Structures are given as C-alpha cells and as structure tokens.
2 protein chains.
Amino acid sequence: MTIKDIARQCGVSVSTVSRVLNDRPDVSPENRRKVLSAIQRSNYIPNNTARDLVKTKSDAIGLVVRGVSNPFYTDIIRVIEEQVTARGYTLVMQQIGTCDDEVKRGAMMEREKRLRGLILLGGRSDYTPQELAPLNIPYVCCSYDNQYGTLPPDSYASVSIADEEEACRAVTELYRCGHRRIAALVSGTEDRSISQLRYQGYVRALAAHGLPLEQELVIEAGSFDIRQSYLAMQRRLLAGAQFTALFAISDNMAIGAMRALREAGRRIPEDCSVIAIDGLTVSDYINPTLTTLCQPMEHMGRRSVEILLDMVEHRGGPIRETAHTTLRTGESVRDIS
Amino acid sequence: MTIKDIARQCGVSVSTVSRVLNDRPDVSPENRRKVLSAIQRSNYIPNNTARDLVKTKSDAIGLVVRGVSNPFYTDIIRVIEEQVTARGYTLVMQQIGTCDDEVKRGAMMEREKRLRGLILLGGRSDYTPQELAPLNIPYVCCSYDNQYGTLPPDSYASVSIADEEEACRAVTELYRCGHRRIAALVSGTEDRSISQLRYQGYVRALAAHGLPLEQELVIEAGSFDIRQSYLAMQRRLLAGAQFTALFAISDNMAIGAMRALREAGRRIPEDCSVIAIDGLTVSDYINPTLTTLCQPMEHMGRRSVEILLDMVEHRGGPIRETAHTTLRTGESVRDIS
DNA sequence: CTGAAAGCGCTAACAA
DNA sequence: TTGTTAGCGCTTTCAG
C-alpha cells in the first residue's frame, strides 16, 4: 500500500495525496475528503523511510543512557520517551556502561541513524570542546552539567540540579540536626562525575560548619551500584568507623548502605541518620523511609526535550538550566541536638 | 558526502562502491583498497535511510513496554537493548500506559518505522487471532503468555514464567511455614493479566492445602503501582483483616504493602510474613529483605531477542518458552509451624 | 487547485 | 569484475 495506490483509488495524482498527507491548504475540499477516506479505508500509513530520504533528515532523537542499572533514570527516560513521541519524533535509545564513551557513541548514532538531536542522560562532567567536536547535531546533557570541562558555557545545553550546592544542603541538614561526625558515601571523589560534585558539596558543608574532613568518613564504593555500596559500607564499618550520620550521594547507594548499617547492628535513625539525593519512589516505602532531596525528574525530562527540540527546530540556542530539589522528609534522620 | 562522491573520487562506479560497502566478493582487490581508503579518508558513512528504502525494510526492532513505572522491566529492557544492538539492529522503544493497547501501538510502529520485529514487554494475556491480525511481523511476548486468549499455541512466541504455578509455589512456601491465613495482594483478580494468573495460583494453592478462599484476604490494588498497593493494604488493615502471611504478586507491590503493615504496627515477619514474585535487586536490600521468587530477567530478555531474530532472519518459528524462578530467601518469611 | 516529473542515496538486476 | 540503470516511496518544484 503506497501513495500511488491511494492516488489511483481516488483518481487523483500522487502529489494531491501527498498534499493532503502533509496538510497542505491547496487541495479542493472534495479531493481532500476523497483521499482522506481512501486512506482511512485502506489503513494506509506513509512510509517514513521514504519521507526521511527525500527530506534528507529523519525524525530520530537519540538517547544515550550511561550507567544503565541506575533506577534514577527510569522515570526520566519515561518522560523523555513520552515527550519525544508526543512531538512527532522517534526515540532511539542506547545504553552504555559507565566505562564507555557517551560522546563517541552519540556521534556514531548521529551518522548511522541520521539523528536530529541527542540527549545524553548521565555522563562525565569534564568534556573539552575537542571531545564534543564529532557531534554535529544539537545535544543536551540531562541530569549533569559540565562543571569540570572547558566547554564555553553558552555552547552547550544542559538540565541538571546544582549538585554541589544540593549536596551541601543535604549535609547541612544533618548538621542542623546536631550531627558532627558525618560520613559520606560516594562513588568516587575524583571521577569527574556528579559523584565528585556531590562530594565537594560535602566537603564545602563540613568546612562551612567548621568540621574537619576525615578520610575515615569518606566511603568510596567505586560505582553507583547498590551492591558495591553495601559492600563498601560493610568494609568501613568493620574497620570501626564512627559516625552519627551518613550522607549518600544517591538514594540507591543509601539503600545499599542502610542494609550494611542494619546488619552491623546500627539502627537507623537511632544510631545513624541517613540522608541522600535523588528521590526515588521506592525510597518513600523502605524501612525506615528515606529522607532525601528529590530531583524533579518529570520536569527535567520534559525540559531536556523542550530545549533540544527548540534547537533542532531552530527556535532557540543551547540553554543551561538548573532545577531545584525538594526535601522529602522521611524517617531516616534523627535530630540529636 | 554520498556514495557518488566516493565513486567519483576513486574513478569507479557507484555499484563498485556499493559492493565494497556490502562486503561483496566480486570486487578487485585494488578497487576495494581504493574505495576503502576513500571512505576512511572522507569519513563517509552510508545513509541508512536510503538503504532501508531500497531494501524495503529497516533494521529496527520495536519494543512496546506496558506499564512503564514497573521497575521489574528495567533490567529486561537493558538486556534487550544490549542484545538487539549487538546483533546489528536498532531498538525503537515506546512505552504505553496500562490502559493503552499494545497491539495497536505495535502495529502503528510496524508501519511507520518499518519494523522487522516486535517485542511486547508486558501486556494482556487474552489476545484473539483477530486482534493480532494487524501485526504482520514476527513478535514475541516477553514476561507474559496468552493463557486467556485464543491464539493457536504454535502461532506466537513468548518467554515467560509459569505464573500460576509459580504463584502456587510461593503460597505453598508460606503454607509450609505453618501459615494458614494467607492474604493475597493483587492488581485485579480478573484483569486478564499476570495478576489474574498469579491470583489463580493463589486460589489453587489454597485449594490444594484445604484452605478456604476468603474475600477478606484478597486485596485488590487496581494497579501494579507501589502507592496503590500501599493504600489498598492500608484500607484492608483498617477494616480489620486478620492474616499471618501475605503473598504479593510482585516485589514492588509487596514493598508498598510492607510500609502499610509496618505503619499499622504489624512487624514483618514476626506478625506477618511476606513473599512475592519478581526478584528486584532492591528487594534484597530493604528491611527486612524480601523473600521472593526471582524471575531470570537476564535470561528472559536474551531469549526474547534470540527467538525474535530467529524468526526475523527466517531461522526459526514462534517458540513459547517457560523460564523458571529461583527462590531467594530473605528475612520476610517466618516459620510459625 | 492539480499533475508530471525530477530527484533523495542506495541496491540489485542486467549487460558488458 | 565492472558499469548502467531502474526503481524503493515520497516530496517538491514547475507548468498548466
């Protein structure tokens, strides 16, 4: 079933059919009606491939997700998919491991799939202009920024929270509750990702409140994985680390650590308070419910798509947007002041 | 940069270039070398759109995910994406709400994106041949079967666990531990989805052990949502339901219910044991860790892709495969016998 | 308002 | 082993 068949059925030319297909005004009402009903009747759907070919562009938006197992992304992906589809584009998603290069992958997709735009969900925060050069299409960094890189600030688009600041806020919240020995659970302290940023927020908060930075209280899991977090915390507890509160850079990691704390006989929040950043749905149901700074995932996903399509459709340039978190108070933090 | 440019550069015809592009044997070593180096040099990448058009088929595999927020799917999606990409195809994913029609959506995608095959992740279990008729490409049902439908058993492919049987096994496990008043938390008892299947496993187990089926102990959340599960359980507890154990049809729902139990002052597992089906990663870290029948998600995702591509590449027909769960013993079930 | 015809970039006969 | 050429299904001038 092609445009030709429809044309024949209606006794008009393919151009006329094409016109009604593309909602052009220059078609007589009568012909439009005829064509429309023929399309309906024969269940015809235009061949996108042919369309893309002649228009020398596709309707594909790429999504490269880094660090797949991260449940934080699930909701954002949903929103992105929804928005992209709603705006008439097609989402092509690829997931990559934490060690892969999202830019290289994005550039490959750009050419192979003739992408119109690219969303990078999670990634490194230290791009150089050279690294990004292979990307010839608009892109937006979702949920991270380029804090450590050398991209000119107005040359790229991003939607993220102020990681350092929010981490500082989380730690300050613990401080406000009287905690003075506050541990931090991070992926890495110098991995050039949000882990480092949030770690620095922790460092800044300690400094701001006149607390010493102790290596004993910095726990590196080496990844954002729940199991690695569990194991790292277990090791550190075995080593006898003493603290009354824990700041975890992500909900998922907090959940892993909480099991280790529990197993070591440390009650939460009686013996140890826990606060995190992300705001996973499940965090509000675990025992105890987790106090966390919720990222506005819905908003972030939507804005990423909006900003990207604005660029794709030449309605706007690269915008860097900072979203704000909301404190969701759970049962995991105790005021000991 | 097109195939023509390359041809001109090398002083050969487009067909020759096309031949080396497609790794055909009938090209002289010299020409092949020339073309290859020209391609390299000019950083040329073939236009997939044009390829797809002439071959009247694409390299796209569709994935329709129903019930987006279900964390159970996250891992499977990852595996599916990995496998599909590894085999040289492109994954096009669309998520739909629980009320949307996955077949209709799949059929649309088939035509718009010229899909080669389709994976349906989650869906109804009561398709009729008429409903599936719009689908003219191979498809496989992942994580569910067509128990309630009228599709000829050898006409469709699926990879799933034996939901009813596994549910029966879960409930029997509770029975074995001495429980006699066992509640069930389901989405719906007659929703023609895995919820109904697992509910029937519950019913069968009760019958097998001579226990009465009591309406008071059947809790319908109306969805697979964690919050709805929490609220449903809360309502039922308020109504004064008495039971010593709970069988939840999914981990996610169990987690929601556990909070309600906790808040009602019922300790797990001392006052109420909980068992579920799915085996989410997070379930092994919550407090108490959840006893659950783990679905082999990795395996199921991989097999779905394998079976689908076997059909797409005409290497095999529709296969229905049943995977088996593994009991992961957590702390949520207590032996009271 | 309508139709004929020229491509979009590529593949695959078919001929040479 | 090569090149020529006819499409794949659609959009878009350009005439009428």
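Convention: sequence-line order gives letters A, B, ...; per-chain numbering from 1. As a basis for the values below, the full set of heavy atoms in this structure was taken, side chains included, without hydrogen atoms, waters or symmetry mates. Keep in mind that this is a model prediction, so the values were computed, not measured.
A/Arg19 places none of its side-chain heavy atoms less than 4.5 Å from the side chain of A/Arg32. Looking only at side-chain heavy atoms (C-beta outward), B/Leu121 and B/Ile77 come within less than 4.5 Å of each other. Between B/Cys142 and B/Ile76, some side-chain heavy-atom pair lies under the 4.5 Å cut-off.
Judged by distance alone, the side chains of B/Asp59 and B/Thr90 do bring a donor and an acceptor atom under 3.5 Å apart. Side-chain polar atoms of A/Thr128 and A/Gln130 form a donor-acceptor pair below 3.5 angstrom. In summary, the side chains of A/Glu102 and A/Tyr127 do present a donor paired with an acceptor at a separation below 3.5 Å, with no hydrogens or angles considered. Residues A/Gln9 and A/Arg41 have side chains that bring a donor and an acceptor to within less than 3.5 angstrom of each other. A/Ser15 and A/Ser13 share a donor-acceptor pair across their side chains, judged by distance under 3.5 Å alone.
Applying the side-chain contact (heavy atoms from CB on, under 4.5 Å) test between A/Val84 and each of A/Val92, A/Leu308, A/Leu309, A/Val305 identifies A/Val305 as the sole match.
Near-neighbour residues of DNA chain C inside residues 15-34 of chain B, defined by a heavy atom below 4.0 Å, number-ordered: B/Ser15, B/Ser18, B/Arg19, B/Asn22, B/Arg24. Of the residues in residues 36-49 of chain A, not one comes within less than 4.0 Å of DNA chain C through any heavy atom.
Recorded end-axis angle for the helix from C/dC1-D/dG16 to C/dA16-D/dT1 stands at 40°, based on five pairs per end and rounded to 10 degrees.
In this structure, CG of B/Leu53 is placed 12 Å from C1' of C/dG7, rounded to the nearest angstrom. A/Ile3 places its CD1 atom 14 Å from the C1' atom of C/dA5, with the value rounded to the nearest Å.
Nearest-nucleotide positions on DNA chain D for B/Arg114 and B/Val12 put B/Val12 closer to the 5' end. Between B/Lys55 and B/Gly11, the residue anchored closer to the 5' end of DNA chain D is B/Gly11, taking for each the nucleotide with the nearest heavy atom.
Closest approach to the B/Val54 side chain among D/dG3, C/dT11, D/dG9 is made by C/dT11 (side chain taken as heavy atoms from C-beta onward).
The phosphate of D/dG3 (OP1 or OP2) has a side-chain N or O of B/Ser13 nearer than 4.0 angstrom. The shortest distance between the side-chain N/O atoms of B/Arg51 and the OP1/OP2 oxygens of C/dC10 is not below 4.0 Å.
Between A/Leu118 atom CG and A/Glu110 atom CD the span is 8.0 Å, to the nearest 0.5 Å.
Nearest approach of A/Pro46 to A/Leu21, heavy atoms of both residues: CG-CG, 4.2 Å.
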